[in-house]
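Here, residue 1 is the first one in the sequence, and each next residue gets the next number. Since the structure is predicted, the reported quantities are computational estimates derived from the model, not experimental observations.
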Amino acid sequence: MFKTLLMAAAGFIMSAQVMAAPQVDLSDPYKMVEQVADNTFKRVAKDQGIISTDKEHLRVIVEQELMPYVDYKYAAYRVLGSYIQKVRTMTDAAEKKQAVENIKTFIDVFQRYLVATYAGVFTQYKNQKVEFGEARDFEGDDVAVVKTRIVEPGKPDIKIDFKVRKGKDNEWRAYDMMAEGISLLDAKQTELHGVLRQQGIEYVIELLDKKSRLPVQFRGDNGN
């Protein structure tokens, strides 16, 4: 049920109907989240004719409208966790070089996996209403949390927090989502930690690559 909640929440928030300018303001974390949500929703609505006959088109929408504002590289590093530290302490040059290449490959595959995940979420689009929390002063901060609430008649509200971080270019991008206080990144890290330790990063890369290539559909509990 937790996986279903996270995936559904991701789709609901990204289909928010809010008033925003077409140009995304990357200097403000709160405006960035609202504007990206609005732009993505409009694109999904505009392309419904294509989507109804070809759900794979949702990958294109996610890649063009959403992923430019997701710091998937940082998220991938967070998921790898202790493996990154292990690579940094390697003394064998050849072994370390191969490990670094594996990390680069993992980042690419993880990006495609996220595209597939969000594309599947958008198959569940139902025009839910999303309310954004009040913006706070973020001057001097490198990380901000954008609070939201998903409202649907007849169902309990779902509280969602988006974690966004400021990069070296001083632009803000999202890197994690928390549903009812539970981190999506932490959940994915926990899921892959044992597999990474026991079977290695090459196996994890292959696993995520296979999942990213599956036909676009909402999977919920049956394999995200």
Side-chain angles (χ1 to χ4, degrees), residues 6-76 107-133 135 144-150 158 160-167 169-179 184-185 188 208 211-219 224:
L6 284 177
M7 292 186 67
F12 296 165
I13 187 68
M14 289 307 171
S15 63
Q17 296 187 65
V18 295
M19 298 301 296
Q23 183 65 37
V24 175
D25 185 357
L26 296 178
S27 67
D28 186 316
Y30 299 93
K31 290 181 180 179
M32 183 275 289
V33 171
E34 291 189 30
Q35 291 171 344
V36 170
D38 185 55
N39 291 344
T40 306
F41 161 75
K42 288 179 178 178
R43 179 69 182 278
V44 172
K46 174 178 175 291
D47 291 359
Q48 275 301 309
I50 302 174
I51 296 169
S52 63
T53 58
D54 182 16
K55 288 185 174 61
E56 295 299 314
H57 183 67
L58 286 166
R59 295 184 195 262
V60 176
I61 297 176
V62 171
E63 288 174 346
Q64 295 179 352
E65 305 293 344
L66 181 58
M67 293 310 293
Y69 311 102
V70 175
D71 192 346
Y72 63 85
K73 182 176 181 179
Y74 179 76
I107 292 172
D108 290 339
V109 171
F110 188 72
Q111 191 265 354
R112 296 198 300 272
Y113 168 76
L114 288 179
V115 170
T117 298
Y118 284 113
V121 166
F122 277 113
T123 64
Q124 298 295 297
Y125 169 70
K126 296 179 181 178
N127 195 23
Q128 285 81 0
K129 179 182 178 182
V130 177
E131 298 178 352
F132 290 87
V145 177
V146 181
K147 294 183 177 296
T148 65
R149 183 173 60 180
I150 300 166
I158 300 176
I160 302 295
D161 294 342
F162 280 90
K163 287 187 176 181
V164 295
R165 66 187 294 266
K166 183 169 63 176
D169 55 5
N170 290 322
E171 294 182 342
W172 292 82
R173 286 177 173 79
Y175 73 91
D176 192 14
M177 179 186 72
M178 295 172 54
L184 174 62
L185 273 187
K188 183 55 61 178
L208 291 183
K211 289 186 176 183
S212 71
R213 296 176 186 274
L214 292 173
V216 171
Q217 60 179 321
F218 181 75
R219 298 182 178 86
N224 54 336

Which is it for Val60 and Ile50 under the side-chain contact (heavy atoms from CB on, under 4.5 Å) test, yes or no, and what are the steps along the way?
-> CA-CA 11 Å; Val60 176; Ile50 302 174; over 6 Å; no
Identified side-chain contact (heavy atoms from CB on, under 4.5 Å) counterpart of Val24 within the set Met32, Glu171, Glu65 = Met32
First locate atom CD1 of Ile61, then atom NZ of Lys42, and finally report the distance between them rounded to the nearest 0.5 Å.
-> 14.5 Å
Could you pull out all residues at least two apart from Arg112 that satisfy salt bridge (charged side-chain N to carboxylate O under 4.0 Å, His left out)?
-> Asp209
Between Trp172 and Leu26, is a side-chain contact (heavy atoms from CB on, under 4.5 Å) present by the stated rule, with each step listed?
-> CA-CA 5 Å; Trp172 292 82; Leu26 296 178; 5.6 Å; no
Interatomic distance, Glu131 atom CD to Ile160 atom CD1 [nearest 0.5 angstrom] | 13.5 Å
Distance (rounded to the nearest 0.5 Å) between Gln217 CD and Glu56 CD = 9.5 Å
Partners meeting side chain to side chain contact (heavy atoms under 4.5 Å, CB included) with Asp161 (sequence neighbours left out) = Val145, Lys147, Met178
Do you know the tightest heavy-atom contact between Ala76 and Ile107?
-> CB-CG1, 4.0 Å
Asp25 meets the side chain to side chain contact (heavy atoms under 4.5 Å, CB included) criterion, sequence neighbours left out, with Ser27, Asp28, Lys31, Gln35
d(Lys188 NZ, Asp176 CG) to nearest 0.5 Å is 12.5 Å
Interatomic distance, Leu66 atom CG to Thr40 atom OG1 [nearest 0.5 angstrom] | 5.0 Å
Determine, stepwise, if the pair Gln111 / Asp108 fulfils side-chain contact (heavy atoms from CB on, under 4.5 Å).
-> CA-CA 5 Å; Gln111 191 265 354; Asp108 290 339; 5.8 Å; no
Does Lys73 NZ have over 12 foreign heavy atoms under 6.0 Å away?
-> no
Partner residues of Asp71 under the salt bridge (charged side-chain N to carboxylate O under 4.0 Å, His left out) criterion, sequence neighbours left out | Arg165
Distance col, row Lys163:NZ vs Leu184:CG, nearest 0.5 angstrom, shows 11.0 Å
Look only at the side chain of Ser212 and the backbone of Ala116, and say whether a donor-acceptor pair between them is shorter than 3.5 Å.
-> no
Under the ring pair (Phe, Tyr, Trp, His ring centres under 6.0 Å) rule, what pairs show up with a residue in residues 48-74, not counting sequence neighbours?
-> Tyr74-Tyr175
Search all heavy atoms of Pro68 against all heavy atoms of Val62 and return the closest pair with its distance.
-> CD-O, 4.5 Å
Not counting sequence neighbours, which residues clear side chain to side chain contact (heavy atoms under 4.5 Å, CB included) with Glu63? List them please.
-> Val115
